[in-house]
*Asks:* 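Below: one structure in structure tokens.
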Amino acid sequence: MTGRAYRGLSAEQRLADRRERLMMAAYTLFANPGFPATTIERLCTMARVSNRAFYECFSGREALMEAVYDRCVDDTLQAVAKAVAAAPNTLDDRIEHGIAEYVAFATKDLRRAHIMHVEVRRAGDCLITARQRAVAGFTRIMEETVAAYPQRTPPNTHLLILGLIGALQELLIEWVLADVRPATDDLIITAVHIFRRSFSPAGA
């Protein structure tokens, strides 16, 4: 059963429209003033929906934050995977293209960078599982890339990649929070240096 149409939209379409408006409002407000400071009332005001409509779309702020975070991560994963696949067929080139795309895509919109690297931590325990999924997604791309070059594969590759992803995330946190933001090119150069040194043959 599809429900009665209203002003040309079915009930399902109206629900999808409200959900999207709430996600767009959250994308802005969760970045600034941030997740802890954003109330459901403020989200509803920006999205132009009622409090009742909010709870028809999401169980609470935490569920909305997870939906927004997951979309940011999914969009970034797709961009990075595409960049890696299009890079020249060497490990160094694929690492550099993947890092460059991650940094460029994350910093293209401050809201995205803020949500992915700062607000996900401020949201607390409710985002732990979502954050683990995100890390697993980026880890999988890197592990598949590195596996194609066994001569460059060090011991404990999985743990090393987790550490490198953590380093890249810290660089993005610095970019988001610093009074004077470092140039994104410097972030890329630093991250590429760390990655390449980590995967140099025999630690060369």
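Worth knowing before you read on, the calculation uses all heavy atoms, side chains too, and leaves out hydrogens, waters and symmetry mates.
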*Asks:* Who passes salt bridge (charged side-chain N to carboxylate O under 4.0 Å, His left out) against Arg71, sequence neighbours left out?
*Replies:*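 Glu20.
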*Asks:* Roughly how far apart are Arg197 CZ and Leu164 CG, rounded to 0.5 Å?
*Replies:* 13.0 Å
*Asks:* Could you identify which residues cluster with Ile189, counting Ile, Leu, Val, Met, Phe, Trp and Tyr as linked when any side-chain heavy atoms lie under 4.5 Å apart, either directly or through a chain of such contacts?
*Replies:*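 Direct or chained contacts put Ile189 with none.
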*Asks:* Search all heavy atoms of Ile141 against all heavy atoms of Thr145 and return the closest pair with its distance.
*Replies:*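 So the two residues come closest at O-OG1, 2.8 Å.
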*Asks:* Just wondering, do Ile161 and Phe138 contact through their side chains at under 4.5 Å, heavy atoms?
*Replies:*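 Answer no - side chains too far apart.
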*Asks:* Apply salt bridge (Lys or Arg N to Asp or Glu O under 4.0 Å) to the pair Glu66 and Arg133, showing each step before the final yes or no.
*Replies:* CA-CA 11 Å; Glu66 183 172 356; Arg133 287 197 305 267; 3.1 Å; yes
*Asks:* When you look at Arg94 and Asn89, which way does the side-chain contact (heavy atoms from CB on, under 4.5 Å) test go after all the steps?
*Replies:* CA-CA 7 Å; Arg94 292 193 166 185; Asn89 189 18; 3.7 Å; yes
*Asks:* Is there a path of hydrophobic side-chain contacts, each under 4.5 Å between heavy atoms, that joins Ile165 and Phe105?
*Replies:* no
*Asks:* Minimum heavy-atom separation for Gly98 and Val84, please, with both atom names.
*Replies:* CA-CG2, 3.7 Å
*Asks:* Can you list the steps and then say if Gln169 with Val135 is a side-chain contact (heavy atoms from CB on, under 4.5 Å)?
*Replies:* CA-CA 10 Å; Gln169 290 178 340; Val135 171; 4.1 Å; yes
*Asks:* What is the minimum heavy-atom distance between Ala67 and Arg19, and which atoms define it?
*Replies:* CB-NH2, 4.0 Å
*Asks:* Do Met65 and Ile115 come close enough that some side-chain heavy atom pair is under 4.5 Å?
*Replies:* yes
*Asks:* Met24 and Met46: side-chain contact (heavy atoms from CB on, under 4.5 Å), yes or no, with the steps?
*Replies:* CA-CA 9 Å; Met24 292 307 299; Met46 177 172 278; over 6 Å; no
*Asks:* Roughly how far, to the nearest 0.5 Å, is CZ of Arg196 from CG of Asp92?
*Replies:*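 Atom-to-atom, Asp92:CG and Arg196:CZ are 4.5 Å apart.
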*Asks:* Could you tell me which non-hydrogen atom of Ser198 sits nearest to which non-hydrogen atom of Leu160, and how far apart they are?
*Replies:* O-CD2, 3.8 Å
*Asks:* Got Phe35 and Glu62 here, is their nearest side-chain heavy-atom distance under 4.5 Å?
*Replies:* yes
*Asks:* Mind listing the closest non-hydrogen atom pair of Thr38 and Gly34 along with its distance?
*Replies:*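 Smallest interatomic distance, heavy atoms only, reads OG1-O, 2.7 Å.
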*Asks:* Could you tell me which non-hydrogen atom of Arg61 sits nearest to which non-hydrogen atom of Leu43, and how far apart they are?
*Replies:* CG-CD1, 4.4 Å
*Asks:* Is there a donor-acceptor pair closer than 3.5 Å between any side-chain N or O of Arg122 and the backbone N or O of Pro36?
*Replies:*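 No; judged by distance alone, with no hydrogens or angles, the pair does not exist.
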*Asks:* Treat each ILVMFWY residue as a node, draw an edge where side-chain heavy atoms are under 4.5 Å apart, and state whether Met116 and Ile128 are in one component.
*Replies:*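 Not linked; separate clusters.
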*Asks:* For residues 45-64, which residue pairs pass the ring pair (Phe, Tyr, Trp, His ring centres under 6.0 Å) check, not counting sequence neighbours?
*Replies:* none
*Asks:* Please report the interatomic distance CG(Leu29) to CD(Glu119), rounded to the nearest 0.5 Å.
*Replies:* 11.0 Å
*Asks:* So if you build clusters from Ile, Leu, Val, Met, Phe, Trp, Tyr with side-chain heavy-atom gaps below 4.5 Å, do Phe199 and Ile194 land together?
*Replies:*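 Yes, Phe199 and Ile194 fall within the same hydrophobic cluster.
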*Asks:* Check whether any side-chain heavy atom of Val103 sits under 4.5 Å from a side-chain heavy atom of Leu168, and report yes or no.
*Replies:* yes
*Asks:* Strictly below 4.0 Å, N to O, side chains only: are Glu143 and Arg140 in salt-bridge contact?
*Replies:*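 Judged by the 4.0 Å cut-off on N to carboxylate O distance, Glu143 and Arg140 do not form a salt bridge.
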*Asks:* Looking at Asp93, is its backbone amide N or carbonyl O close enough to the side chain of His97 to form a donor-acceptor pair, meaning the two atoms are under 3.5 Å apart?
*Replies:* yes
*Asks:* With distance as the sole test, does Arg112 use its side chain to make a donor-acceptor pair with the main-chain N or O of Ala106 at under 3.5 Å?
*Replies:*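 Absent.
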*Asks:* How about Asn51: does its CG atom have over 12 heavy atoms from other parts shown lying under 6.0 Å from it?
*Replies:* yes
*Asks:* What pairs meet the ring pair (Phe, Tyr, Trp, His ring centres under 6.0 Å) rule with one or both residues in residues 141-173, with sequence neighbours excluded?
*Replies:*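 Qualifying pairs, neighbours excluded: none.
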*Asks:* Find the distance between CG (Leu187) and OG1 (Thr107) and round it off to the nearest 0.5 Å.
*Replies:* 7.5 Å
*Asks:* What I want to find out is whether Glu101 reaches Lys82 closely enough, with some N-O distance under 4.0 Å, to be called a salt bridge.
*Replies:*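 No.
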*Asks:* State which residues pass salt bridge (charged side-chain N to carboxylate O under 4.0 Å, His left out) with Arg18; sequence neighbours excluded, sorted by chain then number.
*Replies:*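 By the salt bridge (charged side-chain N to carboxylate O under 4.0 Å, His left out) rule, Arg18 matches Glu56.
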*Asks:* Any link between Leu91 and Tyr102 through a network of hydrophobic side chains (Ile, Leu, Val, Met, Phe, Trp, Tyr) touching at under 4.5 Å?
*Replies:*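 Same cluster: Leu91 reaches Tyr102 through Ile, Leu, Val, Met, Phe, Trp or Tyr contacts under 4.5 Å.
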*Asks:* Got a sec, which pairs hit side-chain hydrogen bond (donor to acceptor under 3.5 Å, both in side chains) with one end in residues 21-30, sequence neighbours left out?
*Replies:*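 Passing the test, one end in residues 21-30: Asp17-Arg21, Tyr27-Asp109, Thr28-Arg111.
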*Asks:* Could you state whether Val192 and Trp175 fall into the same hydrophobic cluster, counting links through intermediate Ile, Leu, Val, Met, Phe, Trp or Tyr residues with side-chain heavy atoms under 4.5 angstrom apart?
*Replies:*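 Both belong to a single hydrophobic cluster.
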